[in-house]
Amino acid sequence: MVIGKLRLGFSEKTIFDALSQMTSGGKSLRKELDNTFQIYPDPGYITQVVKERGMAGLKNVRVKTGVPVVPALCQRLNNYREIVDKMGEAAVERKYDGTRVQIHFNRLKNEIRTYTRNLEESSPMFPELFQMNKWIMGDEVILDCEAVGYDKKTGKVLPFQITITRKRKHGVAETAKSIPLRFFVFDILSLNGRSLIEEPYFERRKFLTKVVKKNETIVPDEYFKTDDPVEVQKLHDKFLKEGFEGAVIKMWNGEYLPGRQGWNWVKIKEAEGASGKLSDTLDLVILGYNLGKGKRAGFGMGAFLVGLRRGESWVSIAKVGTGLTDEEFKGLKIKLDKSKTKEKPKDYLVSGSLVPDVWVEPLVVVEIAADEITKSPNHAGGIALRFPRLIKFREDKGPKDATTWKEVEEIAKLSLN
DNA sequence: CGTGTCTGCCCC
DNA sequence: ATTCTGC
DNA sequence: GCAGAATGGGCAGACACG
């Protein structure tokens with residue numbers, strides 16, 4: 001099936017608005033179009049159905065294996081009480097740092113297909129699913145899960161960088177052997193032709209338990225029911241200690257809603273109130289900046305390179321392009337241009353792909369938050385920050401007061417549990 | 001044949 | 001992924 | 001509150017170059 005470029009993003013909204021108007025419908029019509037899009041995300045097809053059979057035709061569009069469902073996503077919120085206040089009763093699940101997989105199983109057609117979070121078909125990536133027929137109690141099933149690499153000896157999950165090596169065109173079988181994946185199933189979207197997306201969470205979970213038989217490769221994900229913020233916090237701490245990315249909290253009665261809607265699904269990774277999953281923020285020095293595109297080109301900076309002192313050199317460990325307001329970008333450019341250098345300063349160690357458009361003297365200190373310190377093939381320091389963002393400018397600090405290499409190594413050790 | 005660089009309706 | 005911004 | 005548009009690290013692949 002060809003899903004056109006209009007699939008996600010820019011104009012299905014416009015198209016559906018036009019379609020609603022054309023068919024003299026109002027808001028309810030628009031809602032019906034959106035609901036259909038969730039189970040058949042192809043605006044071209046939907047337009048055709050409406051054209052040929054009118055809005056009534058939409059009722060005949062059903063969930064089916066081989067057509068991806070627009071996946072539900074998590075809102076972010078790092079306050080336990082607020083989460084519970086917004087949801088009431090909720091389920092708490094582990095957050096896995098892997099890759100999202102929507103599994104479509106059709107016994108009669110002998111078909112097993114998978115889709116990514118962006119509705120990309122990914123079937124060739126997961127040869128281990130070919131035995132689904134033994135593991136699934138049903139003939140036509142759509143499952144939602146997270147696939148994570150795991151260590152066969154210890155059973156522990158592996159870092160994202162290892163899991164994602166599976167995203168390849170060649171050598172999939174070899175990689176599957178050396179880095180097996182485990183599929184943690186947390187939802188079921190359809191069963192034998194019947195859509196379950198409008199069923200409440202706890203009902204879907206009942207179906208899931210009946211349908212998925214646990215084994216080495218596929219596991220019905222564990223969940224904990226609660227309406228107590230303290231309990232949520234305890235579970236979150238437990239998950240972090242176990243080495244998982246955090247917790248996902250879902251409304252107990254919630255439907256399976258596409259995208260981020262309301263407070264149906266919420267994720268929490270960091271300690272309550274913290275700005276990133278990494279235990280500490282880092283005070284780093286700006287080494288240069290890039291000119292930026294689109295709106296950012298207007299104020300002459302899109303991102304800046306940060307690093308710290310290691311021995312006699314300055315080494316980069318991240319680029320930062322978020323966390324600043326437009327005004328802050330403008331102000332920072334003016335400030336940095338005062339210490340622009342024509343050439344790369346001699347004591348800078350920065351590898352090719354990260355070389356900025358403009359080099360600056362190592363003077364400006366910024367506080368940076370991140371989720372993780374990872375080994376890096378790109379940054380000269382050999383490590384990098386995952387999801388770096390600016391917290392604030394440290395005008396009170398000079399380059400000598402910046403975080404030291406030793407401190408970073410300590411934090412890195414801690415973050416590897 | 002290796003190495004470097006760049007790209008992806010990429011994954012996060 | 002995170003974050004900011006205009007609506 | 002929501003969608004859109006900026007931006008991050010890093011993987012395999014494709015391609016250029018020597």
Side-chain angles (χ1 to χ4, degrees), chain A residues 2-14 17 34 41-42 68 73-78 86 95-101 115-122 124-125 146-149 159-172 174-175 179 245-246 257-264 267 269-270 275-278 289-299 301-306 316-330 351-355 368-379 381-391:
Chain A
V2 178
I3 301 179
K5 196 174 182 179
L6 298 175
R7 186 185 56 200
L8 269 188
F10 83 102
S11 62
E12 87 255 6
K13 299 252 174 272
T14 318
D17 277 338
D34 284 341
D42 181 346
L73 302 174
C74 287
Q75 197 76 248
R76 213 173 162 170
L77 185 55
N78 67 350
K86 293 197 191 273
K95 185 173 194 312
Y96 300 93
D97 192 9
T99 188
R100 187 83 172 261
V101 182
Y115 300 88
T116 69
R117 176 192 144 139
N118 297 316
L119 309 182
E120 229 44 65
E121 187 170 355
S122 53
M125 274 170 61
E146 188 83 1
V148 194
F160 175 75
Q161 279 157 292
I162 303 294
T163 298
I164 204 62
T165 59
R166 183 62 73 86
K167 189 176 151 269
R168 57 168 63 241
K169 214 153 69 172
H170 311 297
V172 172
E174 292 83 345
T175 312
I179 306 163
E245 203 188 9
L257 300 173
R260 283 178 195 91
Q261 278 189 51
W263 303 98
N264 196 37
K267 67 178 161 187
K269 302 201 280 189
E270 64 277 88
S275 34
K277 202 191 157 196
L278 206 60
Y289 69 87
N290 287 93
L291 297 176
K293 292 173 183 174
K295 183 173 69 164
R296 298 273 174 91
F299 32 86
M301 174 160 49
F304 54 87
L305 186 70
V306 293
S316 76
I317 64 166
K319 258 194 326 181
V320 181
T322 192
L324 293 81
T325 63
D326 292 357
E327 288 306 309
E328 285 175 322
F329 266 113
K330 288 178 197 165
S351 47
S353 59
L354 292 160
V355 167
I368 305 297
D371 272 20
E372 207 176 357
I373 295 177
T374 58
K375 287 182 91 172
S376 172
N378 302 317
H379 282 279
I383 58 166
L385 304 183
R386 190 181 186 198
F387 308 141
R389 56 258 200 196
L390 179 120
I391 298 301

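Only this structure's heavy atoms are used, side chains among them; waters, hydrogens and symmetry mates stay out. Naming: A, B, ... by sequence-line order, numbering from 1 per chain.
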Report all interatomic pairs (protein N or O, nucleotide N or O of nucleotides 11-13 of chain D) with separations under 3.5 Å.
residue, atom, partner, partner atom, Å
D/dC11, OP1, A/Q161, NE2, 3.1
D/dG13, OP1, A/K169, N, 2.8
D/dG13, OP1, A/H170, N, 2.6
D/dG13, OP1, A/H170, O, 3.1

Are [X] and [Y] side-chain neighbours, meaning at least one heavy-atom pair lies under 4.5 Å?
X      : Y      : answer
A/V101 : A/T116 : no
A/K269 : A/F387 : yes
A/V172 : A/R166 : yes
A/L324 : A/M301 : no
A/L305 : A/H379 : yes
A/R389 : A/D371 : yes
A/R386 : A/F160 : yes
A/M125 : A/K167 : yes

Output the single nucleotide from [options] whose closest atom is nearest the side chain of [X].
X      : options               : value
A/T116 : B/dC11, D/dG9, B/dC12 : B/dC11
A/T374 : D/dG10, D/dG8, B/dC12 : D/dG10
A/D371 : D/dG9, C/dT2, D/dG1   : C/dT2
A/F160 : D/dG1, B/dC11, C/dA1  : B/dC11

message = Using a 3.5 Å limit on both distances, find every run of at least three consecutive Watson-Crick or G-U pairs that involves DNA chain D.
response = B:1-8 with D:11-18, B:10-12 with D:8-10, C:1-7 with D:1-7
task = Please determine if A/E270 and A/R76 form a salt bridge, counting it only when a charged side-chain N lies under 4.0 Å from a carboxylate O.
result = yes
If you look at every heavy atom in [X] and [Y], which pair is closest and at what distance?
X      : Y      : value
A/T163 : A/A147 : CG2-O, 3.6 Å
A/Y96  : A/E146 : O-OE2, 3.3 Å
A/N290 : A/V355 : ND2-O, 4.3 Å
A/A384 : A/S376 : CB-CB, 3.6 Å

Atom [atom1] of [X] and atom [atom2] of [N]: how far apart are they, to the nearest Å?
X      : N      : atom1 : atom2 : result
A/W263 : D/dG1  : CH2   : P     : 6 Å
A/Y96  : B/dC11 : OH    : P     : 22 Å
A/L291 : D/dA6  : CG    : P     : 15 Å

Identify each atom pair where a protein N or O and an N or O of nucleotides 15-18 of chain D are less than 3.5 Å apart, giving names and distance.
none

Polar atom pairs (N or O), protein with nucleotides 4-7 of chain B, under 3.5 Å:
none

request  = Apply the test side-chain contact (heavy atoms from CB on, under 4.5 Å) to residues A/L73 and A/R100: give CA-CA distance (whole Å), side-chain angles for both, the deciding distance (0.1 Å), then the verdict.
outcome  = CA-CA 10 Å; A/L73 302 174; A/R100 187 83 172 261; 3.9 Å; yes
Would you mind classifying the nucleic acid contact of [X] as base, sugar-phosphate or nothing, using non-hydrogen atoms under 4.0 angstrom?
X      : value
A/K269 : sugar-phosphate
A/G98  : sugar-phosphate
A/T163 : nothing
A/G259 : nothing

ask   = Do A/R296 side-chain atoms and A/G302 backbone N/O form a donor-acceptor pair below 3.5 Å?
value = yes
Got a list of protein N/O to nucleotides 3-7 of chain C N/O distances below 3.5 Å?
residue, atom, partner, partner atom, Å
C/dT3, OP1, A/R389, NE, 2.9
C/dT3, O4', A/T322, OG1, 2.9
C/dC4, OP1, A/G323, O, 3.3
C/dT5, OP1, A/D326, N, 3.1

message = Quick check on DNA chain D: between A/V320 and A/Q75, whose nearest nucleotide comes earlier from the 5' end?
response = A/Q75
key: Qualifying residues under salt bridge (charged side-chain N to carboxylate O under 4.0 Å, His left out), relative to A/K95, sequence neighbours excluded   = A/E245
inquiry  = Measuring to OP1 and OP2 of D/dG1, would you say a side-chain N or O of A/Q261 lies under 4.0 angstrom away?
reply    = no
